[in-house]
Amino acid sequence: MTAHKKKDPSHPLESNVKSYVRSFPFMATKAKGSYIYDNEGNAHLDFLAGAGTLNYGHNNDLFKESIIQYLESDGIVHGLDMATLAKNDFIETFHQNILKPRNLDYRIQFCGPTGTNSVEAAIKLARKVTSRVNIISFTNGFHGMTSGALAVTGNNYHKEGIPGTHSQYTTFMPYCGYSDNVDDSIAYIRQYLKDNSSGVNLPAAIILECIQGEGGVNVASPRWLRGIRKICNEFNIMLIVDDIQMGCGRTGNFFSFEEAGITPDIVLLSKSIGAYGLPMAIVLFRPELDIWTPAQHNGTFRGHNLAFVAAKKAIQTYWKDSHFSKEIKEKGNIIKESLEKICKEYPEYDFELRGKGLVWALESKQYPDLAGDIQRQCFDNGLIIETCGSTGQALKLLPALTIAHEDLAKGLTIIEDAYQAVIHHRQQQQHNIVTLRTNHL
């Protein structure tokens, strides 16, 4: 079932590299909470949330007031990495409300304001600390679009036709669940590292996502994550957790690794750390790893003070206690129950449901092209939602963490209706084909 093809509203001078407008062909004019409005007056319920950048929704009033006050006071907006009150206030707020309660002792590095730049910084730091070059990454992992980040990204689509993105210094290993037995993956990696004839050089770091968002919402078990941490300890390897999309509360806890009870050597945050859709990225690492020399990894926009202001307000508002975390998990259970109903209603589609907190994916193992039809049907009915996985085979739910319960229910109803409509249409098509064949005979 294919939705009505609307004209691409983009400016004709814009590059072919654009992507989201191809799935959501409308001209956005404003946004509020969990809605984006177009120039024709239509309201689109947003289950994409800036690909995880808008965990606190569009134009959150609590942050907006702080940003406006800062601008009206002529507070410094761009300051390279000079000391500013906005930066110091953010660091202190982050330390007191996020790091200290979790017994995490990390230095904070401000790098270029995108997630992929934090990946580049982390890889460089791990290599500098260990004097090794190899990096272990995982099947279906996604870490960004610059050359170094692409080298540790599993999906070949992003590397196609681009020389230099398949690095000889990256070794890919099976992620949790890639094979049937969790222990097989851990044992497999350990055996490769122990065997001097395996062809795998001892790596500087292992980089992973606790939940692979773009890769299909593949959820690593706490046991598997603890196994990886143990391997890193055993072989003196830096453990890098890419929390760019799954951090800042997406999984229910502020950090995605909290449930596993592990402490990474290096943690990457971007996307929603800027709180208001403002670009910001940070690298957290153990103090003894801070062997950078001045400006050894720099960037013109590594001091976005508006993002510091918004991030401070977000942390003070939502992370001063456990209430927000519990609310995220409760909403996650509502999503799970709704999607489980779809799985039970259409058993012949062999659905697999994966997720945690407010990130979920629903994939038909029998019909991998189904998710694309569902996504288009949802858009026609007023819901912005994307697909994920190596071939876009899974529907991905990524609503704002602050989404109102009535909007969450509305979005889930649109999804349920989309599955009913698309599957009914497919069944009708199949019936018509069988009828035509029978009549022909």
Side-chain angles (χ1 to χ4, degrees), residues 81 83 87-88 90-137 141 143-144 146 148-149 151-152 202-210 225-226 228-248 253-258 260-274 280-299 302-304 307-308 311 315:
D81 66 356
K87 183 200 286 187
N88 280 7
F90 164 74
I91 292 173
E92 187 61 27
T93 300
F94 188 76
H95 176 258
Q96 291 297 331
N97 293 274
I98 303 300
L99 298 181
K100 191 175 179 180
R102 293 163 178 80
N103 296 314
L104 295 173
D105 184 15
Y106 286 137
R107 290 284 174 87
I108 303 173
Q109 176 184 352
F110 298 98
C111 54
T114 61
T116 194
N117 193 272
S118 67
V119 172
E120 298 283 353
I123 290 172
K124 284 169 63 175
L125 180 60
R127 286 171 171 163
K128 181 176 172 64
V129 167
T130 63
S131 298
R132 303 183 216 126
V133 67
N134 193 34
I135 305 291
I136 284 182
S137 188
H143 299 287
T146 50
V152 294
L202 187 65
I206 292 177
I207 185 169
L208 59 83
E209 304 152 273
C210 297
L225 291 170
R226 288 192 289 269
I228 294 296
R229 175 70 271 184
K230 188 174 180 180
I231 286 175
C232 288
N233 292 343
E234 185 178 341
F235 293 93
N236 193 27
I237 299 166
M238 299 293 102
L239 175 58
I240 304 171
V241 168
D242 179 343
D243 237 359
I244 292 166
Q245 187 172 90
M246 295 301 156
C248 302
N253 299 311
F254 188 87
F255 295 108
S256 66
F257 55 81
E258 290 183 50
I262 63 170
T263 302
D265 300 294
I266 303 174
V267 181
L268 313 180
L269 293 174
S270 184
K271 290 190 181 284
S272 277
I273 191 62
M280 176 179 170
I282 60 179
V283 184
L284 308 174
F285 45 81
R286 292 188 286 108
E288 61 269 29
L289 304 183
D290 193 8
I291 62 171
W292 289 118
T293 56
Q296 198 167 26
H297 188 90
N298 59 19
R302 64 192 182 277
H304 194 348
F308 296 151
I315 292 167

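Along the sequence shown, residues carry numbers from 1. Excluded from the calculations below are hydrogen atoms, water molecules and symmetry mates; all remaining heavy atoms, backbone and side chain alike, are included.
- Side-chain contact between L239 and I262: present, with at least one pair of heavy atoms (C-beta onward) separated by less than 4.5 Å.
- In this structure, A126 and A204 approach most closely via the heavy-atom pair O-CB, 3.7 Å.
- C111 contributes atom SG, which lies 11.5 Å from atom CG of L125 (distance to the nearest 0.5 angstrom).
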Derivation and outcome, side chain to side chain contact (heavy atoms under 4.5 Å, CB included), residues L269 and F255: CA-CA 9 Å; L269 293 174; F255 295 108; 3.9 Å; yes
Give the C-alpha distance, both sets of side-chain angles, the deciding distance and a yes or no for side chain to side chain contact (heavy atoms under 4.5 Å, CB included) between V241 and L225. CA-CA 10 Å; V241 168; L225 291 170; over 6 Å; no
Decide side chain to side chain contact (heavy atoms under 4.5 Å, CB included) for L284 and F94; before the verdict, give the C-alpha distance in whole Å, the side-chain angles of both, and the deciding distance to 0.1 Å. CA-CA 11 Å; L284 308 174; F94 188 76; 3.9 Å; yes
Given L268 and H143, is the side chain to side chain contact (heavy atoms under 4.5 Å, CB included) satisfied, shown in steps? CA-CA 10 Å; L268 313 180; H143 299 287; 6.0 Å; no
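- Shown here for P113 and S270, the closest heavy-atom pair between the two residues is O-OG, 4.0 Å.
- Using a 4.5 Å heavy-atom threshold, the side chains of R286 and M238 count as touching.
- Ring geometry for W292 against H297 counts as tilted: the plane angle lies between 30° and 60°, on a 0 to 90° scale.
- Taking OG1 of T263 as the reference point, atom CZ of F257 lies at 7.0 Å (rounded to 0.5 Å).
- Between the CD atom in E120 and the OG1 atom in T146 there is a gap of 3.5 Å [rounded to 0.5 Å].
- Taking both residues in full, the closest heavy atoms of M280 and I282 are given as CE-CG2, 4.1 Å, listed atom of the first, atom of the second, then distance.
- For the pairing with P203, the side chain to side chain contact (heavy atoms under 4.5 Å, CB included) check across I135, V133, I237, T130 returns one residue only, I237.
- Atom CG of N236 and atom CG of L202 lie 8.0 Å apart (nearest 0.5 Å).
- A salt bridge between K271 and D243 is absent, with no side-chain N of the basic residue lying under 4.0 Å from a carboxylate O of the acidic one.
- In this structure, CG on N97 lies 7.0 Å from CD1 on I315, to the nearest 0.5 angstrom.
- The minimum heavy-atom distance linking K128 with I291 is given by the pair CE-O, 3.0 Å.
- In terms of heavy-atom proximity, D105 sits nearest to P287 at O-CD, 3.2 Å.
- Nearest heavy-atom pair, D81 versus K87, reported as atom, atom and distance to 0.1 Å: O-NZ, 3.2 Å.
- For the atom pair CD1 of I207 and CD1 of I240, the computed distance is 5.0 Å after rounding to the nearest 0.5 Å.
- Residues V119 and I244 meet the side-chain proximity criterion, which asks for heavy atoms closer than 4.5 Å.
- Side-chain contact between C210 and M246 is absent, with no heavy-atom pair separated by less than 4.5 Å.
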